[in-house]
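First comes the structure, then the notes that go with it.
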Amino acid sequence: MHYWLFKTEPRGYSIDDLKRDKRTLWSGVRNYQARNMLRDEVKKGDVVIFYHSSCAVPSAVGLAEVTRESFPDETQFDSESEYFDATATKENPRWFVVEVKFKEKFTHEVSLTQMRKSPALKDFRLLTPGNRLSLFPLSKKHFETIMKLGDDHIGIS
DNA sequence: GCCAACGTTGGC
DNA sequence: GCCAACGTTGGC
């Protein structure tokens, strides 16, 4: 079992949207490094931290679980879609999706600022300059540290 | 809106 | 294969 962080812009698709939908296909990934991980390494049962980016308070906001491993992203074949890719074919698809289901929305979100302050997250990928990958794996240690930052906040606010 | 840090594209 | 130009991401 592996841990992942998936970035999303809440204006586009938020943890509340996932909570409402229960399940969703993680479509629209159009970066080769992210694609390769999505296609080859994200496995059923893996745990996903949902991260809101490009918003007022960038934060880890909840958890999801992978319920289906990679298969072709239909949006690449849809000329109406913003994710359409004219070079992709059904026989040779270029982009992939996984399915995730909602697990929980954090009572206390863990902000990027909060994470930067944690010594245990010094080498966390999200915090390294220029990190632009929309998804990446994280260690159990980092996962547990983030969960603890949320727990520790209880009673302080 | 600014800008750093990328990734992608395309001419050569 | 190099690299300049351009586009995108995403925090601030």
Side-chain angles (χ1 to χ4, degrees), chain A residues 2-19 21 24-42 46-64 66 70-100 102 104-139 141-150 152-153 156-157:
Chain A
H2 288 102
Y3 299 99
W4 300 91
L5 184 142
F6 283 14
K7 289 184 195 172
T8 182
E9 299 191 12
R11 264 169 277 259
Y13 195 85
S14 72
I15 188 73
D16 291 318
D17 294 323
L18 182 63
K19 187 176 182 181
D21 296 344
T24 196
L25 298 181
W26 205 248
S27 63
V29 171
R30 294 293 182 270
N31 167 284
Y32 287 106
Q33 230 185 314
R35 188 279 308 266
N36 292 347
M37 291 191 285
L38 202 58
R39 184 189 60 191
D40 306 330
E41 295 172 39
V42 178
D46 284 356
V47 171
V48 173
I49 290 184
F50 230 68
Y51 176 80
H52 282 174
S53 67
S54 294
C55 54
V57 186
S59 310
V61 294
L63 295 180
V66 178
S70 72
F71 58 98
D73 183 347
E74 283 300 316
T75 63
Q76 72 193 299
F77 309 124
D78 177 8
S79 58
E80 302 291 300
S81 170
E82 61 174 313
Y83 299 120
F84 178 63
D85 184 343
T87 66
T89 61
K90 297 262 184 186
E91 295 71 32
N92 194 12
R94 181 166 297 192
W95 308 109
F96 295 82
V97 296
V98 297
E99 183 192 66
V100 295
F102 176 78
E104 68 170 272
K105 180 181 173 179
F106 294 156
T107 311
H108 299 281
E109 299 183 350
V110 181
S111 71
L112 185 63
T113 314
Q114 220 176 325
M115 289 189 252
R116 284 198 197 285
K117 285 178 184 164
S118 169
L121 292 176
K122 223 169 188 67
D123 54 347
F124 183 39
R125 200 157 176 174
L126 185 69
L127 309 180
T128 63
N131 166 49
R132 289 168 47 185
L133 274 181
S134 61
L135 64 110
F136 54 85
L138 64 156
S139 67
K141 189 190 106 181
H142 286 164
F143 175 82
E144 286 170 353
T145 301
I146 292 164
M147 296 304 285
K148 190 166 184 305
L149 285 176
D152 286 352
H153 196 266
I156 299 170
S157 62

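Model, not experiment: these values are computed from the prediction. Below, chains carry the letters A, B, ... as their sequence lines are ordered, and counting in each starts from 1.
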Quick note, side-chain hydrogen bond (donor to acceptor under 3.5 Å, both in side chains) partners involving residues 46-59 of chain A, not counting sequence neighbours, are A:Trp4-A:Asp46
Figure out the CD/P separation between A:Glu82 and C:dT8, and round it to whole Å. 12 Å
Among residues at least two apart in sequence or on other chains, which ones pass side chain to side chain donor-acceptor pair (under 3.5 Å) with A:Glu9? none
Distance, rounded to the nearest Å, where A:Phe136 contributes CZ and C:dT9 contributes P: 16 Å
Quickly work out the A:Gln33 CD to C:dT8 P distance and round it to whole Å. 19 Å
Under 3.5 Å, which protein N or O atoms sit close to an N or O of nucleotides 10-12 of chain C? Give each pair with its distance.
from   : atom 1 : to       : atom 2 : distance (Å)
C:dG10 : OP1    : A:Lys7   : NZ     : 2.7
C:dG10 : OP1    : A:Arg132 : O      : 3.3
C:dG11 : OP1    : A:Tyr51  : OH     : 2.8
C:dG11 : OP2    : A:Ser54  : N      : 2.9

Calculate the interatomic distance between A:Tyr32 atom OH and B:dT9 atom P; express it in whole Å. 6 Å
Report the residues that fulfil side chain to side chain donor-acceptor pair (under 3.5 Å) with A:Thr87, sequence neighbours left out, ordered by chain and then residue number. A:Asp85, A:Arg94
If a pair satisfies ring-ring contact (aromatic ring centres under 6.0 Å, His included) and one of its residues is in residues 71-93 of chain A, list it, with sequence neighbours excluded. none
In short, salt bridge (Lys or Arg N to Asp or Glu O under 4.0 Å) pairs touching residues 113-124 of chain A with sequence neighbours left out are none
Calculate the interatomic distance between A:Leu135 atom CG and B:dG7 atom C1'; express it in whole Å. 15 Å
Over how many whole Å does the gap from A:Arg35 atom CZ to B:dT8 atom P extend? 10 Å
Taking all non-hydrogen atoms of both residues, which atom of A:Asn31 and which atom of A:Ala34 are closest, and how far apart? OD1-N, 3.0 Å
